[in-house]
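In what follows, a single structure is set out as structure tokens and then discussed.
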Amino acid sequence: MTLMNGDGAHEHQAEVEQKQNGHDVGEQVEDGSEQEVIVIQDTGFTVKIQVPGIETFSIQVSPQEMVQEIHQVLMDREDTCHRTCFSLQLDGNVLDNFAELKTIEGFEEGSVLKVVEEPYTVREARIHVRHIRDLLKSLDPSDAFNGVDCNSLSFLSIFTDGDLGESGKKKKKGNELEQIDCTPPEYILPGGKERPICPLQPPNKDWKPLQCLKVFTMSGWNPPPGNRKMHGDLMYLYVITMEDRHVSITASTRGFYLNQSTAYTFNPKPANPSFLSHSLVELLNQVSPVFKKNFAALQKKRVQRHPFERIATPFQLYSWTAPQVEHAMDCVRAEDAYTSRLGYEEHIPGQTRDWNEELQTTRELPRKNLPERLLRERAIFKVHSDFTAAATRGAMAVIDGNVMAINPSEETKMQMFIWNNIFFSLGFDVRDHYKDFGGDSAAYVSPTNDLNGVRAYNAVDVEGLYTLGTVVVDYRGYRVTAQSIIPGILEREQEQSVIYGSIDFGKTVVSHPKYLELLEKTSRPLKILKHNVLNDKEEEVELCSSVECKGIIGNDGRHYILDLLRTFPPDLNFLPVEGEDLPEECKKMGFPKEHRHKLCCLRQELVDAFVEHRYLLFMKLAAMQLMQQKTSLQENPPALENGEPAASSDSSAQSESADKTEEDIDGEAELKKLEETVAANKETVDMKSREVIRKACQAVSSVSETSFDIRFNPDIFSPGVRFPESAQVEVQNQKQLLKDAAAFVLSCQIPCLIKDCLDHNVVPMDGATLAEAMHQRGINIRYLGKVIEIVQKFPVPSQLDHVYKILISEVITRSAKHIFKTYLQGVELSGLSAAISHFLNCFLSSFPNSVAHLPADELVSKKKNKKRKNRNLSSADNTAWASVTPQDLWKNICSEAKAYFDFSLECENADQAAEMYNLQKISLLREICIKVGIQVLLKEYNFDNRHKPTFTEEDILNIFPVVKHVNPKASDAFHFFQSGQAKVQQGFLKEGCELINEALNLFNNVYGAMHVEICACLRLLARLNYIMGDYSEALSNQQKAVLMSERILGIEHPSTIQEYMHLALYCFANNQLSISLNLLYRARYLMLLVYGEGHPEMALLDSNIGLVLHGVMEYDLSLRFLENALNINSKYHGAKSLKVALSHHLVARVYETKGEFRSALQHEKDGYTIYKNQLGEQHEKTKESSEYLKYLTQQAVALQRTMNEIYKNGSSANIMPLKFTAPSMASVLDQLNIINGILFIPLSQKDLENLKAEVQRRQLLQEAIKGADSQETENKETETSQGAEMNAVTSETAETQTSA
């Protein structure tokens, strides 16, 4: 949840808003519990289903479900999946598909629903054929590789041999240490140089599908002629069975039957026997025995897969690698491609959805109570994901040239398109619209800025204010903006429609009272200042947004706002303005810098952080002044007019005895009261206190004198915008505020990011996670060069090695992306694979003179028709790309890095870059492919061959769009999730668990089954289950989290790697050792591919692997991993850290079990020294270590004695047997828990109370001193449980949990 201006609670918002967003944790639960009643009463019940031809069975339903959802269940069940055209009847009444179950009379526990076959229509027949095709292809991964229909890949089941839940029960036969083969593949071992790419997508045995039919397609005899229509023929199908029997099938209103047509003669009469069946499957079962056998087997397999492997994701995920797959004949796919059908619902070609109407009506749904809000958010989310999918298809069609422009006579870059009720425009500066802002560069960033604006206004969610559905698609080097269409806007000129804002960047400006009223409501959360500007007639016009934000009333009477590209204030570090000086800290770092365009804005996160920072400053200033006042007032509290003592002396009595920190808190609480009363202008506040607040407000440049309220005027420094004379003071203040904000990025946020990386609160592993970490702190990517500069100046640079490496790789791949974009615009469709492979060769291959293959091989005729006017988007010379050499490309990359990121790369080719910055070419390939949407063939690439290029055109399989869209949120669920997290941190595990379960329900209600936030929920639940001792539940929840992370974020996304590690721990606890190792090896492989060796997370991973190997008695292997972990920990945490001490101890344990006591003693001594220096002699860790040292010394002495005995007496010596014991599983698990930051401490009830008090005291303290710098270790999560698991003890040792 974004903070309101200084964190919702500090505000006096309208009551209503307080209810919606400002939920206090305490309030939330009370609130929730009344509303919850509604949801929880509706628990499910069981109904019986009667289906023709099989036995009656029961299913669970819940009252909020629609009848349609029972349809879906039946279409998915193994025994009824082949039915699509049926109705459900209760006591002879047909149920309405869209009715909720609770609204149906007589529908209760034990009701019997009859499935009744209905006559087909053309639409129903198409749905049926499509559904059968989906069932035949249900195990085939090609849709996931091709990025179609929201399918995506998951490989977990390969490493767990199927579903963990069931296999877990079968496999627990004693301790089966003997059969476990623990040797990892060579390339996974520490120090291995190979980075193979094939294991990324291991082949799945289920993919070789059981073939049921040879051919299944639409017949050439379609559509049925008139006289056959009147016999009920709907369409004809043509099938070749596995037995090579060719059959023609008629789909009629009564079902499917064989007819007598052949490929060349049309004879629609029923064959004999005709096998009339209501379902195509029943018909084919009779015609082909192989079909019957294989189809049944296929369905059995389909149903066995985990549902999360097959449910569609809300947004499409694209895979950057794919194996070679044969292209099979598929009638439904072929037909889809040639009709403008867009989703499941529209089976009639040409029937399209009114996106704007859908998007806006879902916003208008009521939202007074929880069930209403859930329904509304669910509808909004669904429409958004459908719209995003449609917009993406449309944008690709536009760039591929398959959509006719609405202004076809204009030159290509100026064309606009409408397809399926969506408006598409290209990211070029047409009609010099952005002339003053940087031309095409400005036109290119403006859509993403606009999208950020839409996101922000949607999140504030003001009733009556509407934004357009907006999706930005980058595809083949072009940027396309897709927007829903305001009703009526196409019929009239823009000049007439705009009744608020300006269409010419501030020359003519108009305003409108209704818009001001609506935008006023958004101004506080978005921190936008209401201000006046001058138009060309020198009149003052009042605005509550930037000038180019336009208001248009559609023909539907709704108030729309569009062009929100400057919702947030400009970033002065990248906007040099004549005569304006930036603060010292900016100048020191070389700002302001010229950027390519003048649309650089601060991110919303930055604005929020800045305001929060100012709020703390305000509190400190005011509190200090109050304290001073208080001391002077304590002698004689003056009575006010109405006879009360002054507000500030209320608590003077208690606060004298209290210590300084409490006084601070006290002052702060009092200040809140004061601020509220001043704002309400009550008489009770004496002049002095009022003065205090006024001064504090002035000091932090608040726009109000009576309360803290910081806002920005988004038009400051806009070229062409003028302000009236009367506002000059305000404008000066606003300018100063912007300069302070620009300085805040550099002096506060970037150092904060680096400090978080040092403390390992943030552990980026690739470009995406780094960008996310920067964005969360409000740092734009254009600051990359600055961040690198600060990292380089750091005193112990090696502790930031991992960040440095990722930063450099980001600069290189992003610069390459910028070049690739313009490079691709000059390539025509037929040369695409040749051009992309040539680019990748120049970028990554060691081959010095990469020559492009011009597409002259296949089809180019000798006589070229010169007259054909080039209607393509590309430039006239389509072969310029072929002359690029690796030297040119790298020169361009270096100059782009300098120009855009102000960073000087010192490399002339890929080999130098890899050498100089320790980068892996395979990781660079992954980064560039993901950034620009390339899909390459899954095979081993030789990057270092100097004699032939790495890539050929056959290696480029596809080019995908890169899509940016709005992510609607489930607000109630998110509140529950946050309250749950807070409870867990305070040590109330049980309550926390309940809240998070509730959140999970609500998330499922809004998002469906698959979503990033659900993934975070499951991860936390699994961790709680584990801490509370429920290992199997932990395993099941974590398995879901892994599957979901693979499907939604990607199979090698850093979060997925983390999830694999958690799952491995829970598997180990459940005694599934070999699976646990497989998962850890998979995680290590992925980390090597994404980053390489030596990442701080690798230390944790290797400690885990080492411990498990130790447990299964693979000592030598175990040591390789543990010693690697020790080295990495020493590098990142310093040789004196507790993490390193723990690493020493783990290594010592393995040496002990091997009987090499000298090495064991050496390591344990190192560990002991660290504990002694860090924690002192008396700490239990130090004592434990010293005990262990004594034990080792005894063992060593005993061994020496025995050896001496043997030397002395030869073979007759009586030898004392030495104790070499394999470690017990329990002890290994204890160590695993410690390194993963899970520590159980048995505490008495009294200790528990003390602990909670301590935690609360800390939190209060923290709030009091929470200056920007002091967010020290308390921030690391503290969890306590009934057994009270307390992680503060190991705040250094334990890996801090990455909270969602």
Side-chain angles (χ1 to χ4, degrees), residues 175 177 182 1023 1026-1027 1029 1031 1034 1061-1073 1076-1077 1079-1080 1083-1084 1097-1129 1133 1137-1154 1159-1160 1163-1164 1166-1168 1170-1171 1175 1179-1189 1191-1192 1220-1242 1279 1283 1285-1287 1289-1297:
N175 232 351
L177 293 188
C182 309
R1023 196 173 181 100
Y1026 184 72
I1027 289 166
Y1031 292 166
M1061 285 164 67
H1062 295 317
L1063 184 60
L1065 172 65
Y1066 308 153
C1067 275
F1068 187 88
N1070 275 300
N1071 248 336
Q1072 305 191 359
L1073 309 187
S1076 175
L1077 262 179
L1079 296 170
L1080 288 168
R1084 191 170 211 279
E1097 285 290 294
M1098 192 66 94
L1100 178 63
L1101 185 48
D1102 284 352
S1103 304
N1104 274 307
I1105 295 177
L1107 274 168
V1108 177
L1109 285 170
H1110 185 196
V1112 297
M1113 305 197 288
E1114 289 277 354
Y1115 304 134
D1116 295 336
L1117 263 182
S1118 170
L1119 275 177
R1120 287 183 72 171
F1121 286 102
L1122 287 174
E1123 287 179 328
N1124 192 44
L1126 175 62
N1127 295 336
I1128 298 176
N1129 275 334
H1133 298 275
S1137 93
L1138 297 178
K1139 267 206 162 64
V1140 175
L1142 184 60
S1143 270
H1144 277 303
H1145 174 63
L1146 298 179
V1147 174
R1149 284 183 39 163
V1150 182
Y1151 275 124
E1152 178 220 335
T1153 35
K1154 284 183 69 178
S1159 312
H1163 278 289
E1164 192 54 45
D1166 293 348
Y1168 173 72
I1170 296 175
Y1171 283 135
L1175 306 168
H1179 194 279
E1180 61 173 316
K1181 280 278 174 208
T1182 321
K1183 288 182 183 160
E1184 265 174 35
S1185 180
S1186 105
E1187 286 297 304
Y1188 187 53
L1189 272 174
Y1191 165 72
L1192 283 177
F1220 293 128
T1221 45
S1224 72
M1225 284 306 148
S1227 72
V1228 174
L1229 189 58
D1230 287 343
Q1231 296 294 336
L1232 279 171
N1233 287 334
I1234 291 174
I1235 60 171
N1236 288 295
I1238 295 175
L1239 199 58
F1240 306 89
I1241 306 176
E1279 297 183 348
E1285 172 264 339
M1286 172 76 181
N1287 164 345
V1289 193
T1290 56
S1291 67
E1292 259 264 2
T1293 321
E1295 194 63 11
T1296 26
Q1297 293 99 50

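These numbers come from a predicted model, not from an experiment.
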When you compare the side chain of L1065 with that of Y1026, does any pair of heavy atoms fall below 4.5 Å? yes

Any non-hydrogen side-chain atom of R1149 less than 4.5 Å from a side-chain atom of Q1231? yes

Partner set under side-chain contact (heavy atoms from CB on, under 4.5 Å) for S1185, not counting sequence neighbours: E1164, Y1168, Y1171

Going from CD on E1123 to NE2 on H1144, what distance comes out if it is rounded to the nearest 0.5 angstrom? 10.5 Å

Out of curiosity, L1126 CG to L1142 CG, how far, rounded to the nearest 0.5 Å? 10.5 Å

I need the minimum non-hydrogen distance between P1223 and T1153, along with the two atoms involved. CD-CG2, 4.1 Å

Could you measure the distance from the CD1 atom of I1234 to the OG atom of S1103? Nearest 0.5 Å is fine. 12.0 Å

Indicate yes or no: does R1120 engage D1102 in a salt bridge with an N to O separation below 4.0 Å. no

Any L1229 side-chain heavy atom under 4.5 Å of Y1031 side chain: yes

Is there a side-chain contact between F1068 and V1228, using heavy atoms and a 4.5 Å cut-off? yes

Just by modelled atom types, is the H1062 backbone N or O under 3.5 Å from a matching donor or acceptor in the N1236 side chain? no

Do you know the tightest heavy-atom contact between L1101 and A1083? CD2-C, 3.8 Å

Could you tell me whether the side chain of L1119 reaches within less than 4.5 Å of the side chain of K1154, counting heavy atoms only? yes

Compare every heavy atom of S1143 with every heavy atom of N1129, then report the nearest pair and how far apart it is. ND2-OG, 3.1 Å

Where do H1179 and K1181 come nearest, in terms of heavy atoms and distance? ND1-N, 3.0 Å

Output the distance between atom CE (M1225) and atom CG (L1232), rounded to the nearest 0.5 Å. 10.0 Å

Heavy atoms, side chains only, cut-off 4.5 Å: are M1098 and F1121 in contact? no

Report the distance from atom CG of N1124 to atom CD1 of I1128, rounding to the nearest 0.5 Å. 4.5 Å

Nearest heavy-atom pair of T1182 and L1175: which atoms, and what distance? OG1-CB, 4.2 Å

Among N1104, L1109, L1107, which residue meets the side-chain contact (heavy atoms from CB on, under 4.5 Å) test with L1080? N1104

Any idea which heavy atoms bring V1112 and C182 closest together, and the distance? CG2-SG, 3.6 Å

So do the side chains of I1235 and L1146 get within less than 4.5 Å of each other, counting heavy atoms only? yes

For the pair S1118 (side chain) and E1114 (backbone), establish whether a donor and an acceptor sit closer than 3.5 Å, ignoring hydrogens and angles. no

Aromatic ring pairing Y1151/H1163, orientation class (parallel under 30°, perpendicular over 60°, tilted between): parallel

